[in-house]
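Because the structure is predicted, anything quoted here is derived from the model rather than measured. Numbers restart at 1 for each chain; the letters A, B, ... are given by sequence-line order, proteins then strands.
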Number of protein chains: 2
Amino acid sequence: MSLPHAILTALLEKPSSGLELTHRFDRSIGYFWSATHQQIYRELGKLEEAGFIRALPSPGPTRGRKKEYEVLAAGRAELTAWVGSSEDPKPIRDALLLRLRAAAVVGTEGLEAELRRHLALHEGQLAEYEEIEKRHFPPERDTAEDRLRHVVLRGGIDLERFWIEWLAHALAELGRPPNSR
Amino acid sequence: MSLPHAILTALLEKPSSGLELTHRFDRSIGYFWSATHQQIYRELGKLEEAGFIRALPSPGPTRGRKKEYEVLAAGRAELTAWVGSSEDPKPIRDALLLRLRAAAVVGTEGLEAELRRHLALHEGQLAEYEEIEKRHFPPERDTAEDRLRHVVLRGGIDLERFWIEWLAHALAELGRPPNSR
DNA sequence: GGGTACATGTAACCGGTTACATGATTTA
DNA sequence: TAAATCATGTAACCGGTTACATGTACCC
């Protein structure tokens with residue numbers, strides 16, 4: 001149950017229309033919780049019905065016309081409650097780890113190329129995050145809000161570094177002949 | 001599309017019934033791809049229909065009776081192809097990172113306790129993985145299959161270590177007063 | 001007025017989750 | 001024979017994905 005909270009957060013940062021939210025989910029927030037425009041429109045409908053947000057008044061028909069939303073007091077309260085709520089971390093669910101496990105049974109053909117490909121993708125993502133860090137979090141800025149957002153970004157950065165190191169390790173093990181430890 | 005492949009892997013390691021698979025998913029394979037018994041039964045049906053596995057012959061009615069499955073040649077081929085296939089890594093989707101981001105907007109009330117709780121959970125998980133590593137991967141064992149499985153486990157271990165470090169960092173930032181860098 | 005970009009929306013499907021139903025086997 | 005446990009299964013729901021439909025605004 002996180003998409004509605006992601007949207008509330010985004011709308012609090014800046015009231016927006018569905019499409020604007022979609023674009024913003026393609027950057028910033030979407031780095032940690034992606035969503036398509038269909039999901040977003042559906043969720044905006046639910047949030048409005050629940051009284052958490054409202055569409056800014058605009059005359060005439062709605063279809064094809066921009067519709068801006070803002071967060072109501074009840075929405076802010078809901079988000080505040082969620083921040084302090086108790087939600088267990090989800091167990092790992094990773095297809096690549098699973099594929100290595102399968103490779104232990106049926107052989108590693110084609111796996112090395114795929115690991116190299118993933119390595120390149122993670123290196124690219126890391127570079128992107130580091131660029132954002134340089135742009136958005138220069139050492140002199142230091143409000144409480146910025147620090148929290150920076151911690152989130154550091155999470156993304158260190159996760160990419162984890163994958164890069166792990167992939168390098170996996171590739172080394174793949175290439176190593178048996179019993180040469 | 002990973003659950004069928006997880007099941008094929010498990011069945012190749014050892015032919016099993018649905019409930020046995022469920023129990024094994026609660027350990028080993030389930031550490032990286034969890035599944036409930038309902039998912040597993042549904043998927044076993046699909047895999048059988050697709051000709052990837054077959055139920056070992058047994059007389060009489062099926063309901064309430066154990067039903068063992070084994071992997072057919074087509075199933076092994078499917079799994080082999082999947083190991084070498086091209087599948088992009090999924091973008092991060094983590095509710096806790098999102099909650100920190102929300103906290104930057106609505107405040108951090110209740111967050112510190114939640115971070116400490118997650119820290120304890122990850123430390124517990126790490127201890128469990130390290131225990132498995134000690135039991136299953138003593139230095140003297142060194143077949144190619146074991147090495148691959150060990151790499152997978154190392155991934156789990158290092159992921160837990162990542163979370164532990166990140167949570168410690170986040171807690172430190174939460175506690176630090178503004179502009180004291 | 002035709003094309004393109006902007007903007008909102010519907011429908012069908014798919015995998016994962018939760019709750020419940022039913023039959024077989026073991027044991028007190 | 002009743003209860004507990006093993007074992008397979010159905011049904012409803014929910015969030016995420018993919019494909020498609022519809023309407024507006026602007027520019028050539």
**Message:** Let me spell it out: for each of B/Y69 and B/R93, pick the nucleotide of DNA chain D with the closest heavy atom. Which residue's pick is nearer the 5' end?
**Reply:**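 Mapping each residue to its closest nucleotide by heavy atoms, the 5'-most match is B/Y69.
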**Prompt:** Of A/S2 and A/H37, whose closest DNA chain D nucleotide lies nearer the 5' terminus?
**Reply:**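 Mapping each residue to its closest nucleotide by heavy atoms, the 5'-most match is A/S2.
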What is the distance from [atom1] of [X] to [atom2] of [N], rounded to the nearest Å?
X     : N      : atom1 : atom2 : answer
A/E20 : C/dA7  : CD    : C1'   : 10 Å
B/L21 : D/dT8  : CG    : C1'   : 13 Å
A/F25 : C/dA7  : CZ    : C1'   : 17 Å
B/M1  : C/dG15 : CE    : P     : 6 Å
A/W33 : D/dT17 : CH2   : P     : 10 Å
B/Q39 : C/dC14 : CD    : C1'   : 12 Å
B/I40 : C/dG15 : CD1   : C1'   : 14 Å
B/L47 : C/dG15 : CG    : C1'   : 14 Å

**Message:** I want to verify a distance call: between D/dC20, C/dG16, C/dT8, whose nearest atom is closest to the A/L19 side chain?
**Reply:**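 Closest nucleotide to the A/L19 side chain: C/dT8.
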**Request:** Return the nearest nucleotide to the side chain of A/L3; candidates are D/dT17, D/dG16, C/dA7.
**Result:**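 Ranking D/dT17, D/dG16, C/dA7 by closest atom to the A/L3 side chain puts D/dG16 first.
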Any side-chain N or O of [X] less than 4.0 Å from the OP1 or OP2 oxygen of [N]?
X     : N      : value
B/Y41 : D/dG9  : no
A/K46 : D/dG15 : yes
A/Q38 : D/dG16 : no
B/K90 : D/dG16 : no

**Sub-4.0 Å heavy-atom contacts from residues 4-14 of chain A onto DNA chain C, ordered by number** =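 Correct list: empty, so none.
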**Message:** A/Y129: which residues meet the side chain to side chain donor-acceptor pair (under 3.5 Å) condition with it, sequence neighbours left out?
**Reply:**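 So A/Y129 forms no side chain to side chain donor-acceptor pair (under 3.5 Å) with any residue.
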**Message:** Using heavy-atom distances to pick each residue's nearest nucleotide on DNA chain C, tell me which of A/E68 and A/R42 is more 5'.
**Reply:**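 Taking each residue's closest nucleotide, the earlier one in sequence belongs to A/E68.
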**Message:** For B/H122, give me all partners under ring pair (Phe, Tyr, Trp, His ring centres under 6.0 Å), at least two apart in sequence or on another chain.
**Reply:**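 By the ring pair (Phe, Tyr, Trp, His ring centres under 6.0 Å) rule, B/H122 matches B/W163.
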**Request:** Sort and list the pairs that fulfil salt bridge (charged side-chain N to carboxylate O under 4.0 Å, His left out) and have at least one residue in residues 78-95 of chain A, not counting sequence neighbours.
**Result:**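 Listed once each, the pairs are A/D88-B/R117.
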**Prompt:** Is there any side-chain hydrogen bond (donor to acceptor under 3.5 Å, both in side chains) pair reaching into residues 103-113 of chain B, and which pairs are they, with sequence neighbours excluded?
**Reply:**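 Listed once each, the pairs are B/E112-B/R116.
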**Request:** Please identify each residue that fulfils salt bridge (charged side-chain N to carboxylate O under 4.0 Å, His left out) with A/D26, with sequence neighbours left out.
**Result:**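 Listed in chain order: nothing, the list is empty.
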**Message:** Check this for me: does any side-chain nitrogen of one of A/E13 and A/R149 sit under 4.0 Å from a carboxylate oxygen of the other?
**Reply:**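 A salt bridge is present here (some side-chain N lies under 4.0 Å from a carboxylate O).
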**Request:** Test B/F32 against B/L159 for side chain to side chain contact (heavy atoms under 4.5 Å, CB included), laying out the working first.
**Result:** CA-CA 11 Å; B/F32 308 106; B/L159 254 183; over 6 Å; no
